[in-house]
Enquirer: 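My questions will all concern the structure given below.
Residue numbers begin at 1 in each chain, while the letters A, B, ... track the order of the sequences.
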Amino acid sequence: MAALLPGGDALDLARTLQSGQTFRWRWERGPGGGPVAVGVVGRDVFRLSQDGRELWLIAPDTPGGRARLTEYLGVSPAARRIPSIETALAADPVVARVLARTRGIGILAQDPWEVLVSFIVSANNNIPKICTSIDRLCRALGAPLGEGAFAFPTPDRLAAARSRMLAACLLGYRAPYVRAAARLIADGRLELARLARMPLDTARERLLEIPGVGEKVADCTLLFGLRHTSAFPVDVWVRRAVERLYFRGRPRTARQIQEFARERFGPLAGYAQQHLFCYARAHLRPRADDAPRRPPMRGDGGGARRPDRGELGGYRAIVANA
DNA sequence: GGGCAGGTGTAAT
DNA sequence: ATTACACCTGCC
């Protein structure tokens, strides 16, 4: 039997799992022919389905499994409800339009270690290859969980891995970064869990000290692994969305985009980022004038001026609706 | 086949 | 503080 997940109806499972925050879910055909999402979370191999709106846990259908999945999906009663988040975000007229295509995206409560490694691997890489690398890492160094599934490797195992093995996982030049990060954690020089309780900027600085971790990877780790919902990772898609939807297509620096997101979305910036990212991937194709990047010049019409404000600019107006 | 891909490190302005 | 450039390697 399968269990209905209370609170799962506001979550769009497919959009959430395909929103670029995790690389460990795949889709299978269920017994009835419908799509089933299969993914490893910790030591659980979860199987989920969603027909219409209702979200079902197929396995492991146990009290513990239900509790851990509820926590992971962020649909526990204690969690901020998706409807209230989306209502608040819709105070921004641009996001309000975006939401029509992206409603239901949640932010998963992932293991920060897995997120950190995954996004170090993601640098200058493509998604199919990232998935292959993560899968090979788990098969080579992760604990077997049955069903041909493997847990994500511990820092210890990864710190001790041979270069040959990391190369076989297609890590390429990122292998030394991954191993250095693993040693930091394994040696106790860096405790990721502590970063979840630190102010965003402080935690970010600590992450930036890790080899292979730049601003984008740091922000992904903060948002997807450390519950810092005001983090706003800026990749090529989010940059494209912000520049086109808020700055008339004018180039902005990463710094400007960060500042914009903080001011406009505040503690909901991470959610706004997810919606803008998914919208951009689906509806904002690359344009020739996106590149090469050029710093904004004075007198180019854009300059250093503020973005166009909606009727309700600023996050205070936005969170007031939450 | 060659450029590209959810960036980052490094060296040189 | 900013700006080029290289980079493993499978994919399209």
Enquirer: Look only at the side chain of Q21(A) and the backbone of G106(A), and say whether a donor-acceptor pair between them is shorter than 3.5 Å.
Expert: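 Side chain of Q21(A) to backbone of G106(A): a pair is present.
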Enquirer: Once you apply a heavy-atom cut-off of 4.0 Å, does L166(A) come out as touching a base, just sugar-phosphate, or nothing?
Expert: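 Counting heavy atoms under 4.0 Å across all strands, no contact is made by L166(A).
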Enquirer: How long is the line joining CD of E209(A) and P of dT8(B), in whole Å?
Expert: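 It works out to 15 Å between those atoms.
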Enquirer: Can you tell me how far P of dC7(C) sits from OH of Y177(A), to the nearest Å?
Expert: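 Atom-to-atom, Y177(A) to dC7(C), this comes out as 12 Å.
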Enquirer: With P as the reference atom in both, quote the distance from dT3(C) to dG6(B) in angstrom, rounded to an integer.
Expert: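 Going atom to atom, P in each nucleotide, I get 24 Å.
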Enquirer: Donor-acceptor pair under 3.5 Å: do we get one between R174(A)'s side chain and the base of dC7(C)?
Expert: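 Counting by modelled atom types and ignoring angles, no donor-acceptor contact under 3.5 Å is found here.
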Enquirer: Could you check Y72(A) against D44(A) for side-chain contact (heavy atoms from CB on, under 4.5 Å), going step by step and ending with a plain yes or no?
Expert: CA-CA 11 Å; Y72(A) 174 77; D44(A) 291 307; over 6 Å; no
Enquirer: Say we look at dC8(C) and dA11(B): how far apart would their P atoms be, to the nearest angstrom?
Expert: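 After rounding to an integer number of Å, I get 15 Å for this pair.
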Enquirer: Among residues 106-120 of chain A, which residues get a heavy atom nearer than 4.0 Å to DNA chain C?
Expert: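 Hits under 4.0 Å, by residue number: none.
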Enquirer: Heavy atoms within less than 4.0 Å of DNA chain C: which residues of residues 121-134 of chain A have one? Give them sorted by number.
Expert: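 The stretch gives N124(A), N126(A), K129(A) as the residues lying under 4.0 Å from the strand, ordered by number.
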Enquirer: If we ignore angles and hydrogens, is there a donor and acceptor under 3.5 Å between the side chains of S163(A) and R179(A)?
Expert: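 Yes - a donor-acceptor pair under 3.5 Å links their side chains.
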Enquirer: Counting distance alone, no hydrogens or angles: does the base of dG7(B) have a donor or acceptor under 3.5 Å from a partner atom on the side chain of Y173(A)?
Expert: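 A donor-acceptor contact between them is present.
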Enquirer: What integer distance in Å separates R255(A):CZ from dT3(C):P?
Expert: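 Those two atoms, CZ and P, are 13 Å apart.
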Enquirer: Distance from Y279(A) atom OH to R240(A) atom CZ, nearest 0.5 Å?
Expert: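 One finds 13.0 Å between OH of Y279(A) and CZ of R240(A).
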Enquirer: When rounded to the nearest 0.5 angstrom, what distance separates CG in L108(A) from CH2 in W25(A)?
Expert: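 Output value for this atom pair is 8.0 Å.
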Enquirer: Quantified in whole Å, what is the P atom distance between nucleotide dA6(C) and nucleotide dG3(B)?
Expert: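 So the two P atoms sit 12 Å from each other.
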Enquirer: Atom CZ in R174(A), atom SG in C169(A): separation rounded to 0.5 Å?
Expert: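 So the gap between those two atoms works out to 13.0 Å.
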Enquirer: Name the nucleic acid region contacted by P211(A), choosing base, sugar-phosphate or nothing; use a 4.0 angstrom heavy-atom cut-off, strictly under.
Expert: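 Answer is sugar-phosphate: P211(A) comes under 4.0 Å of backbone atoms only.
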Enquirer: What is the ring orientation for F265(A) with Y246(A), classed by angle as parallel under 30°, tilted 30 to 60°, or perpendicular over 60°?
Expert: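 If you compare the ring of F265(A) with that of Y246(A), the planes turn out perpendicular.
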Enquirer: Mind calculating the distance between NZ (K216(A)) and C1' (dG9(B)) to the nearest angstrom?
Expert: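 In whole Å, dG9(B) C1' lies 17 Å from K216(A) NZ.
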Enquirer: For V213(A), report the nucleic acid contact type (base, sugar-phosphate, nothing); a contact means any heavy atom under 4.0 Å.
Expert: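 Here V213(A) touches the backbone only, sparing every base.
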Enquirer: What distance do D92(A) atom CG and H275(A) atom NE2 have between them, rounded to the nearest 0.5 Å?
Expert: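 Between D92(A) CG and H275(A) NE2, I get 11.5 Å after rounding to 0.5 Å.
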Enquirer: Under 3.5 Å for both distances, Watson-Crick or G-U wobble, that's the pair rule; now give the dot-bracket for DNA chain B, with | marking pairs to another strand and [ ] for crossing ones.
Expert: .||||.|||||||
Enquirer: So, for F152(A) and F23(A), is the gap between ring centers shorter than 6.0 Å?
Expert: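 Between F23(A) and F152(A), which both carry aromatic rings, the centre distance is not below 6.0 Å.
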Enquirer: Measure the CG-CZ distance between D61(A) and F46(A) for me, rounded to the nearest 0.5 Å.
Expert: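 The CZ atom of F46(A) is 10.5 Å from CG of D61(A), to the nearest 0.5 Å.
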Enquirer: Would F232(A) and F260(A) count as a close aromatic pair, with their ring centres under 6.0 Å?
Expert: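 No, ring centres 6.0 Å or more apart.
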Enquirer: Would you mind telling me which residue lines up with the more 5' stretch of DNA chain B, I210(A) or F224(A), judged by nearest nucleotide?
Expert: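 Nearer the 5' end of the strand: F224(A).
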Enquirer: Does one side chain, of S76(A) or E71(A), offer a donor that lies under 3.5 Å from an acceptor on the other?
Expert: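 Checked: S76(A)/E71(A) side chains show no N/O donor-acceptor pair below 3.5 Å.
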Enquirer: From CG of L17(A) over to C1' of dG6(B), roughly how many Å is that when rounded to an integer?
Expert: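 It works out to 17 Å between those atoms.
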Enquirer: Has F277(A) got its ring stacked on dG6(B), by the test of a centre gap below 5.5 Å and a plane angle below 30°?
Expert: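 According to the criterion (under 5.5 Å, under 30°), yes, F277(A) stacks.
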Enquirer: Contact class for G212(A) vs. all strands (heavy atom < 4.0 Å): base, sugar-phosphate, or nothing?
Expert: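 Sugar-phosphate contact only.
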Enquirer: Nearest-Å distance, CZ (F23(A)) to P (dG10(C))?
Expert: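 Result: 18 Å.
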Enquirer: Starting from P on dG6(B), measure out to CD on Q273(A) and report it in whole angstrom.
Expert: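 In whole Å, dG6(B) P and Q273(A) CD are 14 Å from each other.
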Enquirer: For the atom pair CG (L170(A)) and OG (S133(A)), what is the distance rounded to the nearest 0.5 Å?
Expert: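 Reported value, rounded in 0.5 Å steps: 5.0 Å.
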Enquirer: If you pin L208(A) and P233(A) to their nearest nucleotides in DNA chain B, which one's is more 5'?
Expert: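 Nearer the 5' end of the strand: P233(A).
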Enquirer: How many whole angstroms separate atom CG of L207(A) from atom P of dG9(B)?
Expert: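 Value for this atom pair: 12 Å.
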